[in-house]
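It should be emphasised that the depicted structure is a prediction, and the values quoted were computed from it without experimental measurement. Reminder, nothing fancy here: chain letters follow the sequence lines and each chain counts from 1.
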Number of protein chains: 2
Amino acid sequence: MNNAYAEEAKMMLSSKGYKLTRPRLVILDYMAGVSGHPSIQEIYEGILINYSGIGIATVYRTIDLLVEIGYLRALVLLNNQLRYELNLPDDHHHHLICKACGVIREFNSCNFNSISEEIEDTTCFKIEEHNLEAYGYCSDCLSKKAGYSTENM
Amino acid sequence: MNNAYAEEAKMMLSSKGYKLTRPRLVILDYMAGVSGHPSIQEIYEGILINYSGIGIATVYRTIDLLVEIGYLRALVLLNNQLRYELNLPDDHHHHLICKACGVIREFNSCNFNSISEEIEDTTCFKIEEHNLEAYGYCSDCLSKKAGYSTENM
DNA sequence: GTCGGTGCAAATCGTTTGCAGAGCC
DNA sequence: GGCTCTGCAAACGATTTGCACCGAC
């Protein structure tokens with residue numbers, strides 16, 4: 001639960017002139033406490049449990065706002081589905097996605113910096129960010145795979 | 001123009017029992033000759049010019065088929081739009097996308113292999129593929145940016 | 001009290017599907 | 001000639017928008 005980070009975001013919203021309404025506070029807190037990388041639908045359903053009045057349009061609008069102020073970060077996976085996670089400062093990581101069950105794990109190793117200058121030189125681009133996703137099979141699915149053996153996963 | 005690669009794909013389709021119909025041949029050839037990384041809409045519009053009868057549903061169905069047989073590869077960018085490129089053998093590359101004009105450049109440097117084993121060890125995943133995208137500004141947009149200076153791009 | 005934010009429902013967009021006719025093998 | 005493939009139009013699902021009311025400041 002990233003309370004301090006959530007409080008910071010509330011102050012940020014407020015200082016930018018955005019009102020601290022109930023739906024905004026609920027979504028913000030929900031994201032501070034959630035584990036995993038929920039989609040809009042999952043966020044909506046997760047919040048409905050404790051706050052039955054919320055509308056999905058508000059979830060879309062609020063998540064966009066939270067991405068805009070830098071509180072959240074959007075993740076685009078190969079199946080073309082958007083998912084969201086906290087955009088904590090100094091938390092540079094990437095994602096490893098299981099092609100069988102879809103589970104997402106994070107990893108921190110990243111040696112992109114060692115090649116980024118070379119790429120800038122050869123392409124004349126100024127690079128600001130990068131995304132790295134690896135796809136494969138998690139240990140659970142690997143053992144199932146070994147079990148059924150002939151399955152083509 | 002990758003004629004040989006296109007011919008190979010035609011034989012592959014045929015050998016798998018798929019009929020070589022006019023729309024399939026046209027789309028296949030279009031992709032062999034196109035530069036850049038077109039979206040479905042762009043492929044559809046590009047083909048309409050010379051073949052006004054084609055329907056967009058056919059473009060969707062055919063592109064899916066061509067991805068399935070490995071002739072094409074799908075690209076998911078941060079704006080959540082699918083784009084397609086030839087999946088040439090031994091052509092491992094990644095993409096560099098300009099955040100201002102959207103132009104996509106390819107680069108070949110990639111040192112992922114040097115960390116992939118370590119990631120496999122720490123996560124117990126078996127990694128099969130990876131995607132790397134870098135975002136920044138191309139030289140054209142950089143010089144425009146310098147010109148207007150105060151623009152926040 | 002004001003004005004931005006919300007929930008609802010309708011609109012919209014990209015994509016998929018059902019189907020009758022067309023055309024490849 | 002048979003059966004797959006196509007184009008059309010309708011269906012679908014995710015997202016966005018218009019609007020009247022609500023509530024934070």
Discussion item. Is it the case that atom CE in B/Met1 sees more than 12 heavy atoms from other parts of the structure closer than 6.0 Å?
Written reply: yes
Worksheet item: Quick one: is D/dT6 close enough that its OP1 or OP2 comes under 4.0 Å of any side-chain N or O from B/Thr21?
Response: yes
Worksheet item: Would you say A/Thr58 reaches C/dT6's phosphate, i.e. side-chain N/O to OP1/OP2 under 4.0 Å?
Response: no
Worksheet item: Hey, is the side chain of A/Arg24 pairing donor to acceptor with the base of C/dG4 inside 3.5 Å?
Response: no
Fill in: Spacing of A/Asp64 atom CG relative to C/dG5 atom C1', expressed in whole Å
15 Å
Item to complete: Round to the nearest Å and state the distance from B/Lys16 atom NZ to C/dC24 atom P.
Response: 22 Å
Item to complete: Report the distance from atom CD of A/Glu42 to atom C1' of D/dT15, rounded to the nearest whole Å.
Response: 17 Å
Worksheet item: Whole-Å distance between D/dG7 C1' and B/Arg61 CZ?
Response: 8 Å
Discussion item. Go nucleotide by nucleotide along DNA chain D from the 5' end; which of B/Arg22 and A/Tyr18 gets its closest nucleotide reached first?
Written reply: B/Arg22
Worksheet item: Among B/Arg22, B/Lys10, B/Arg24, whose salt bridge (Lys or Arg N to Asp or Glu O under 4.0 Å) with B/Asp29 holds?
Response: B/Lys10
Item to complete: Under 4.0 Å between any heavy atoms, over every strand shown, what does B/Gly53 touch: base, sugar-phosphate, or nothing? Just pick one.
Response: sugar-phosphate
Worksheet item: Nearest-Å distance, CD1 (B/Ile27) to P (D/dC5)?
Response: 13 Å
Worksheet item: Does NZ or CZ of B/Arg105 lie under 6.0 Å from the centre of the six-membered ring of A/Phe125, at an angle within 45° of the ring axis?
Response: no
Response to the item:
Here the distance between atom C1' of C/dT6 and atom OH of A/Tyr44, to the nearest Å, is 13 Å
Worksheet item: Which heavy atom in A/Ser109 sits nearest to a heavy atom in B/Ile115, and how many Å separate them?
Response: O-CD1, 3.8 Å
Response to the item:
Taken to the nearest whole Å, CG/A/Leu28 to C1'/D/dA24 is 16 Å
Practice prompt. List the atom of B/Tyr5, the atom of B/Gly70, and the distance in Å for their closest heavy-atom pair.
Written response: OH-O, 3.4 Å
Worksheet item: DNA chain C: B/Tyr60 or A/Tyr51, which has the more 5' nearest nucleotide?
Response: A/Tyr51
Item to complete: Could you please name the option among D/dA24, D/dG7, C/dC25 that lies closest to any side-chain atom of A/Lys19?
Response: D/dA24
Discussion item. In this structure, how many angstroms lie between the P atom of C/dA10 and the CD1 atom of A/Ile56, rounded?
Written reply: 17 Å
